Amino acid sequence: MQSVVDNHQERPLISLKEIRKEYENGGQKIEVLKGIDINIHRGEYVAIMGRSGAGKSTLMNILGCLDHPTSGEYFLDQQDVSKLHDDVLSQVRGKLIGFVFQSFHLLKNLNICDNVSLPMEYQNRTPKDRRERAEYLLDLVGLSHRFDHLPNALSGGERQRVAVARALSNAPKIILADEPTGNLDGAARDKLLELFENLLNESDVTLLIITHDDLIGELAHRKIVLADGRVLT
């Protein structure tokens, strides 16, 4: 895999500064993230790892603009998104981030081409553009022969590749994947990781994977390990 050139003059695509997140439970405040400082540059492949309860899911929600930190700053593509209103945050999320989930989250009543096209509807692209882009992406992930199939007709590995194609539909700068290999067998996992590697080599996408998979940790350009709400390494 290509390695990222360390360019200290380039501003990070993602910069978290003293990010903290608290929740209330029974009148008591529980601090889940305890001052997270992270910089991630364009084109990096980063594995975010840690045991259950370390804060990975909470960090993912903040990185993905799905939740606000309690305090701290989050600069995404040089914009401080930590205090944006939800409607503006949604717009930023739709343009910059593509999500891949462990459970695929495909709509079972739509064929896979329409599943991939769906995010583009919210960006006001024409039906023709959506169809052409979806077909291109399905070909990219090796599923050009499955355009009209429903998700239930596909294997788990194929459905995950559809989810990757959907994540790429709006040409995001970041792919944020939550345990993408968790429901896959060994062969399907290997194909998915090969697909991720090809995407990194052929585009400037930045790949962040929340994972327990040690192989992803080995393949990534670097690991960010969380423990008790703090960055361990």
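Remember, it's a predicted structure, so these values are computed and weren't measured experimentally. Side chains are part of it too, since the values below use all heavy atoms of this structure and drop only hydrogens, waters and symmetry mates.
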Taking atom [atom1] of [X] as the centre, report whether more than 12 heavy atoms of other residues, nucleotides or ligands fall under 6.0 Å from it.
X: Tyr122; atom1: OH; result: no
X: His145; atom1: NE2; result: yes
X: Gln28; atom1: CD; result: no
X: Glu194; atom1: CD; result: no

[Y]/[X] salt bridge by N-O under 4.0 Å criterion:
X: Asp77; Y: Arg42; result: yes
X: Arg130; Y: Glu132; result: no
X: Glu31; Y: Arg20; result: yes

Heavy-atom side-chain proximity of [X] to [Y] below 4.5 angstrom:
X: Val81; Y: Leu89; value: yes
X: Pro119; Y: Arg166; value: yes
X: Arg161; Y: Leu195; value: yes
X: Gln160; Y: Val100; value: yes
X: Leu63; Y: Ile174; value: no
X: Lys173; Y: Thr206; value: no
X: Phe104; Y: Val162; value: no
X: His212; Y: Ser52; value: yes

If only atom types and distance count, is the side chain of [X] paired as donor or acceptor with the main-chain N or O of [Y] below 3.5 Å?
X: His41; Y: Glu10; answer: yes
X: His221; Y: Val46; answer: no
X: Asn111; Y: Cys113; answer: yes
X: Asp204; Y: Gly43; answer: no
X: Glu22; Y: Thr70; answer: no
X: Arg133; Y: Arg125; answer: no
X: Gln79; Y: Tyr74; answer: no
X: Glu24; Y: Ile30; answer: no
X: Asn183; Y: Gln102; answer: yes

If I take atom [atom1] from residue [X] and atom [atom2] from residue [Y], how far apart are they, to the nearest 0.5 angstrom?
X: Glu121; Y: Ser169; atom1: CD; atom2: OG; value: 10.5 Å
X: Asp86; Y: Gln91; atom1: CG; atom2: CD; value: 11.5 Å
X: Lys83; Y: His68; atom1: NZ; atom2: NE2; value: 10.5 Å
X: Asp114; Y: Leu107; atom1: CG; atom2: CG; value: 10.0 Å
X: Ser57; Y: Ile62; atom1: OG; atom2: CD1; value: 11.5 Å
X: Leu154; Y: Leu106; atom1: CG; atom2: CG; value: 8.5 Å

Could you tell me which non-hydrogen atom of [X] sits nearest to which non-hydrogen atom of [Y], and how far apart they are?
X: Lys108; Y: Leu150; answer: O-CD2, 3.7 Å
X: Met49; Y: Asp214; answer: CE-OD1, 3.8 Å
X: Gly98; Y: Pro172; answer: N-CB, 3.6 Å
X: Pro151; Y: Asn115; answer: CG-ND2, 3.8 Å
X: Ser117; Y: Ala134; answer: OG-CB, 3.4 Å
X: Ser15; Y: Asn39; answer: OG-OD1, 2.8 Å

Please determine whether residues [X] and [Y] belong to a single hydrophobic cluster, defined as Ile, Leu, Val, Met, Phe, Trp and Tyr linked transitively by side-chain heavy-atom distances below 4.5 Å.
X: Leu208; Y: Leu33; answer: yes
X: Ile38; Y: Ile210; answer: yes
X: Leu143; Y: Tyr136; answer: yes
X: Val141; Y: Met120; answer: no
X: Leu207; Y: Met60; answer: no

Test log, rule side-chain contact (heavy atoms from CB on, under 4.5 Å), inputs Glu197 and Leu193: CA-CA 6 Å; Glu197 184 173 347; Leu193 296 181; over 6 Å; no

So which of [options] actually passes side-chain contact (heavy atoms from CB on, under 4.5 Å) with [X]?
X: Phe196; options: Ile209, Val205, Thr181; result: Ile209
X: Ile36; options: Thr58, Leu16, Ile224; result: Leu16
X: Leu226; options: Lys34, Arg51, Lys56; result: Lys56

Any side-chain donor near an acceptor of the partner, Asp213 and Thr211, under 3.5 Å: no

Between Thr126 and Asp129: side-chain donor-acceptor atoms closer than 3.5 Å: yes

Pair Val92-Ile97, side-chain contact (heavy atoms from CB on, under 4.5 Å): steps then yes or no: CA-CA 8 Å; Val92 171; Ile97 304 171; 6.0 Å; no

CA sep, side-chain torsions, deciding dist, call: Val231, Val225, side-chain contact (heavy atoms from CB on, under 4.5 Å): CA-CA 6 Å; Val231 175; Val225 180; over 6 Å; no

Verdict with supporting geometry, Ile40 and Arg222, side-chain contact (heavy atoms from CB on, under 4.5 Å): CA-CA 10 Å; Ile40 297 171; Arg222 63 187 172 107; 3.6 Å; yes

